[in-house]
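These notes are about the structure you will find just below.
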Amino acid sequence: MKIVTWNVNSLRARLPSILRYLDEYAPDVVLFQEIKMLTEMFPHDVFEERGYSTHAFGQKTYNGVAIIAKGNIEDPQDNVPTFEDVQARYTEAYIDGKVKVASVYVPNGEDLGTEKYAYKLRFLEAFESHLQDLLKEDVPLCIGGDFNIAPGDADVYDPKRWNEKRILCSPPEREAYQRLLSLGYIDALDVLNPSEDNTPRPEIFTWWDYRTRGWDRGHGLRIDHLLLNSQGHQLLKDGGVHRDIRGWERPSDHGPVWIKLDV
DNA sequence: ATGTCTCTGTTACAGAGA
């Protein structure tokens, strides 16, 4: 089973790329973020025509997450429980009763010290509590999404520039990320590509800023992740980032991150 | 490195968010 997480930065704008991606890479499950559309606007039919079942949790203009799967999407649940949020940032579901997947779009946080930064940290706190609850289930878990956190120096093209004073890299964000892992999850791409002495790993960067022409300059960060519980870890066979999609026409600023599970 | 892309509200751009 190939599982992909992909922040598409508007599913409507990206639909031609998404359909091409499905045709060329044939993923079994795709976890989308930033669909940027109302739930009722999700184009279920174009995915169903290609053999996918669907679940969307959207809102107007911003955010929004969705799941498509070759198997049956069962018992979908939207929102992080106990976290009051008007923004559509989380959904989870079982796939054929065999695995549970989640699609999360962690708040960006704008800049340190802002209200959006405080909201990001509150979101992560509630998310951590939920990930702990999920571990009670005896099922392989795959939590994928745009975490808007570069976990360490190996995950940025220039650690001197992307330092503790910058959003995506600040100690409170990185500590929150490590707490998620400490619950009992692995960062699949990190495990598959261990960093030698913290040197940057451009082959698994996932995001290149439009504004600084980051793709053209090779200025990327790794902020999209796939977390696995121990049952999921035992099934992990392979994984990577489909970076070439970032070079397609009208690309998202994020590339798809994929893993293969022996399911 | 205040730059680029996408959205909305309104119908050629400004403002928000990333």
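Per chain, numbering begins at 1; letters A, B, ... match sequence-line order. These values consider heavy atoms only, across backbone and side chains, with no hydrogens, waters or symmetry-generated copies.
Ring centers of Tyr52(A) and His44(A): at least 6.0 Å apart, outside the cut-off.
Whole-Å rounding puts the Glu249(A) CD to dT6(B) P distance at 11 Å. Between Lys60(A) atom NZ and dT8(B) atom C1' the separation is 7 Å, expressed in whole Å. Between the P atom of dT2(B) and the CG atom of Asp209(A) lies a distance of 11 Å, rounded to the nearest Å. Between Asn63(A) atom CG and dA16(B) atom P there is a gap of 17 Å when expressed in whole angstrom units. The interatomic distance linking Glu34(A) (CD) with dA16(B) (P) rounds to 18 Å, in whole Å. Spacing between atom CG of Asp111(A) and atom C1' of dG17(B) amounts to 14 Å, rounded to whole angstrom units. Put simply, OH on Tyr117(A) is 19 Å from P on dG17(B), counting in whole angstrom units. Atom pair Arg213(A):CZ and dC5(B):P shows a separation of 6 Å (rounding to whole Å applied).
Taking only side-chain atoms of Tyr105(A), from C-beta outward, the nucleotide of dG3(B), dA18(B), dT6(B) with the closest atom is dA18(B). Counting only heavy atoms from C-beta on, Tyr62(A) has its side chain closest to dA16(B) among dA18(B), dA16(B), dT6(B). Checked against dT6(B), dC7(B), dA18(B), the side chain of Asn108(A) finds its nearest nucleotide in dA18(B).
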**Arg211(A) vs Asp209(A), salt bridge (charged side-chain N to carboxylate O under 4.0 Å, His left out): CA-CA, chis, key distance, verdict** = CA-CA 5 Å; Arg211(A) 286 172 287 187; Asp209(A) 198 343; 3.4 Å; yes
**Request:** Applying salt bridge (charged side-chain N to carboxylate O under 4.0 Å, His left out), run through Asp111(A) and Lys116(A) and close with a yes or a no.
**Result:** CA-CA 8 Å; Asp111(A) 201 0; Lys116(A) 286 177 191 159; over 6 Å; no
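At a cut-off of 3.5 Å, with distance as the only test, a side-chain donor of Tyr94(A) or Glu137(A) sits close to an acceptor on the other residue.
A cation-pi arrangement, defined by a distance under 6.0 Å to the six-membered ring centre and an angle within 45 degrees of its axis, is absent between Arg222(A) and Phe205(A).
Along DNA chain B, the nucleotide nearest to Arg14(A) and the one nearest to Trp207(A) differ in position, and the one closer to the 5' end is contacted by Arg14(A). Each of Asp253(A) and Arg12(A) was assigned the nucleotide of DNA chain B with the nearest heavy atom; the assignment lying further toward the 5' end belongs to Arg12(A).
Base orientation at dT11(B) is syn, since its O4'-C1' glycosidic dihedral falls within 90° of 0.
For dC7(B), one of the phosphate oxygens OP1 or OP2 lies less than 4.0 angstrom from a side-chain nitrogen or oxygen of Ser10(A).
If you check every strand for non-hydrogen atoms under 4.0 Å, Thr212(A) touches a base.
To the nearest whole angstrom, the two C1' atoms, one in dT11(B) and one in dG17(B), are 23 Å apart. To the nearest whole angstrom, the two P atoms, one in dG3(B) and one in dC7(B), are 22 Å apart. Between the C1' atoms of dT10(B) and dA16(B), the separation comes to 16 Å (whole Å).
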